[in-house]
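Chain A is the first sequence line, chain B the second, and so forth, proteins listed ahead of strands; every chain is numbered from 1. All values below come from the heavy atoms of this structure, side chains included, with hydrogens, waters and symmetry mates left out.
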Amino acid sequence: MVEIRELSEYIGDSVTVQGWVEQTRTHGKVAFTVVRDGTGLLQGVLVRTQVDDATWSIHGSLTQETLVTLTGEVKEDARAPGGYELSITDLKLIAPAPDYPIQPKEHGVDFLLDHRHLWLRHATQRAGLRVRAEVEQSIHDFLYERGFVRIDTPILTGAIGEHAGTLFETDYFGDRAFLAQTGQLYVEAACPAFRKVYCFGPTFRAEKSKTRRHLTEFWMVEPEVAFADSLENMRLQEDFISYIVARSLDRCGEELKILERDTSALELVKPPFPRISYSEAVEELRAGGSDIVWGQDLGATAEMALMAERELPLFVHDYPKKAKAFYMKENPEDPRTVLCDDLLVPEGYGEIIGGSQREDDLGRLQARIREEGLPEEAYVWYLDLRKYGSFPHSGFGLGIERTVAWITGGHHIRELIPFPRMMNRLYP
RNA sequence: UGGGGUGUAGCUCAACUGGCAGAGCGCCUGGCUGUUAACCAGGAGGUUGCAGGUUCGAGCCCUGCCGCCCCAGCCA
């Protein structure tokens, strides 16, 4: 048994390959079968006069996604998908696949999502998910090389997070528990232990969002760095994003081609990225005809307008305090704002990073928790971090699906996670 | 939660002004020695999302409900 990706080493040899039938075509006394084994595609060719009746009739009974073994001689052939062809001498049906639902044609999204467990097998989905895997690996590699220690943060928590109204609640031995909507507060705790840390995992938001940029369960990487200020934080972010994009271009060329991604915009992604303050963004928007006023958060329309003429990712930093989370550090030069940044990417993909310097002053942090009406008792341990050797630190969260959607040119982030969880979808 | 759209065969969609329920794909049968979502001929396949209403007659019009899609808000 050989893998299809190794076939170039077996030209002229007789080999056996096992895989799933993607398609069959019969043409009188010649028949073709395209088989996928998870490492590549192979076209098998069957000639009526060169095989016995039993083998020929097996071919006739093959349907899409039947598991088969093919034995025959390997040949190079430009006409074959994958570039290699097998002249079949023996064909065995291992497991049948009657009435496979997904045809090689257009389907509606709802139908495909109902069959997500099967849709994963198909070319565009394979390509997107492989890019995702490469993005994830490049995240680990980049951070590891820079001395970050991975910290796995809890998924079950008390009411710790940013907005209590968007937490999924579950029973915890008679008490209430919530699914984590960020690991950030926990990586902050690990910062004094390892200086540079990150968490990587699923996160949950019970927001009733129905857009192509939202899931209720999505994956996020959250680096946190002791002694980094907001400017260093942005430098880390632009290096990080540039590395991830370069790795995808380098190692996923085939996948991006299948996805028909024009990569010219991605080739430009190199540090430094342009930066504008929130206040400058508001001025720019007003000059462009928007009636946004200082203090309002930037919505999707505003973000789209800011990115319309830009080719590189853009940092928008130092937002009004009221528009941002309680843990962000007050800007000493303008106390109306906090030291934070959003990274917006071009081509309509919007925000992929939210980051900030954290409030390290115990008194101000306590005051902010009270202002937001958060349950103080849940934050006792978090405040301890300011009580025992408080230190300046910064970090950010990068959304995996949004990043992969941008890199692949995907229309909706639901296709860039194996099993999307959305407001109206918990199956399969 | 608002605004817009949509629901017809397993799938993707047609069906004029309200007048016999259609096609392609997939499936089944047959034909074809180089196909690339092959092609050709034939066949099976329907409670038009659900409930009511108007009408001689409703897939089409009206009311309510349900599902889904897109946009916005929220955010990554």
Side chain of [X] only, please: which of [options] is the nearest?
X: A/P81; options: B/rC75, B/rU12, B/rU36; value: B/rU36
X: A/H27; options: B/rG34, B/rA76, B/rC71; value: B/rG34
X: A/H214; options: B/rG34, B/rC74, B/rC32; value: B/rC74
X: A/R79; options: B/rC70, B/rC74, B/rU36; value: B/rU36
X: A/K210; options: B/rU33, B/rA76, B/rU1; value: B/rU1
X: A/A300; options: B/rC75, B/rU33, B/rG73; value: B/rG73
X: A/F32; options: B/rU35, B/rA72, B/rA76; value: B/rU35
X: A/T211; options: B/rC32, B/rG73, B/rA76; value: B/rG73
X: A/V45; options: B/rG34, B/rC71, B/rU33; value: B/rG34
X: A/T49; options: B/rC75, B/rC11, B/rU33; value: B/rU33

The answer to which of A/T63 and A/P104 contacts RNA chain B further toward the 5' end, by nearest nucleotide, is A/T63

Could you state the atom-to-atom distance from [atom1] of [X] to [atom2] of [N] in whole Å?
X: A/Y100; N: B/rC11; atom1: OH; atom2: P; value: 15 Å
X: A/Q296; N: B/rG73; atom1: CD; atom2: P; value: 11 Å
X: A/E85; N: B/rU36; atom1: CD; atom2: C1'; value: 11 Å
X: A/L41; N: B/rU35; atom1: CG; atom2: C1'; value: 15 Å
X: A/E207; N: B/rC75; atom1: CD; atom2: C1'; value: 5 Å
X: A/H107; N: B/rG26; atom1: NE2; atom2: C1'; value: 9 Å
X: A/E106; N: B/rC13; atom1: CD; atom2: P; value: 8 Å
X: A/L112; N: B/rC25; atom1: CG; atom2: C1'; value: 15 Å

A/F240 vs A/F396, ring pair (Phe, Tyr, Trp, His ring centres under 6.0 Å): CA-CA, chis, key distance, verdict = CA-CA 11 Å; A/F240 191 43; A/F396 61 93; 5.8 Å; yes

For [X] and [Y], take the angle between the two ring planes, folded into 0 to 90°, and tell me which bin it lands in: parallel under 30, tilted 30 to 60, perpendicular over 60.
X: A/H140; Y: A/F200; value: tilted
X: A/Y427; Y: A/H117; value: perpendicular
X: A/Y243; Y: A/F142; value: tilted

Item to check | hbond_proxy A/Q103 side chain to B/rU12 base (donor-acceptor, 3.5 Å cutoff) | outcome: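 Absent.
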
* Report yes if a donor N or O on one partner sits less than 3.5 Å from an acceptor N or O on the other, where the partners are the side chain of A/T166 and the base of B/rC74; otherwise report no. => no

Pairwise [atom1] distance for [N] and [M], with rounding to whole Å:
N: B/rC25; M: B/rA41; atom1: P; result: 10 Å
N: B/rG7; M: B/rA14; atom1: P; result: 8 Å
N: B/rG73; M: B/rG3; atom1: C1'; result: 12 Å
N: B/rC16; M: B/rC20; atom1: C1'; result: 16 Å
N: B/rG52; M: B/rG59; atom1: P; result: 15 Å
N: B/rC32; M: B/rG10; atom1: C1'; result: 28 Å
N: B/rC61; M: B/rG24; atom1: C1'; result: 30 Å
N: B/rU54; M: B/rG64; atom1: C1'; result: 15 Å

Paired with [N]: which nucleotide, if any, by Watson-Crick or G-U wobble criteria at under 3.5 Å for both distances?
N: B/rC74; value: none
N: B/rU54; value: none
N: B/rU35; value: none
N: B/rU48; value: none
N: B/rU17; value: none
N: B/rG10; value: B/rC25

Considering just the side-chain nitrogens and oxygens of [X], establish if one lies under 4.0 Å of OP1 or OP2 belonging to [N].
X: A/R213; N: B/rA76; value: no
X: A/N424; N: B/rC68; value: yes
X: A/R414; N: B/rC70; value: yes

Touch check for [X], heavy atoms < 4.0 angstrom, all strands: base, sugar-phosphate only, or nothing?
X: A/T26; answer: base
X: A/Q43; answer: base
X: A/L215; answer: base
X: A/D297; answer: sugar-phosphate
X: A/H115; answer: nothing
X: A/G350; answer: nothing
X: A/G399; answer: sugar-phosphate

Taking the six-membered ring for Trp and the single ring otherwise, decide whether the centroids of A/F111 and A/W119 are under 6.0 Å apart.
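They do not qualify: ring centres at least 6.0 Å apart.
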
**Asked** Is there a donor-acceptor pair closer than 3.5 Å between any side-chain N or O of A/E222 and the backbone N or O of A/G183?
**Response** yes

Open item on the list: How about CD on A/E309, more than 12 heavy atoms from neighbouring residues, nucleotides or ligands closer than 6.0 Å, or not?
Closed with: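 Atom CD in A/E309 is not packed in, count stays at 12 or less.
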
Quiz item: Which atoms form the tightest heavy-atom contact between A/G410 and A/Y349, and what is the distance?
Solution: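 What the structure gives for the nearest pair is O-OH, 3.0 Å.
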
Result for salt bridge (charged side-chain N to carboxylate O under 4.0 Å, His left out) between A/E347 and one of A/R310, A/R261, A/R402 points to A/R261

Going by 5.5 Å between centroids and 30° between planes, is there a stack of A/F218 over B/rA76? yes

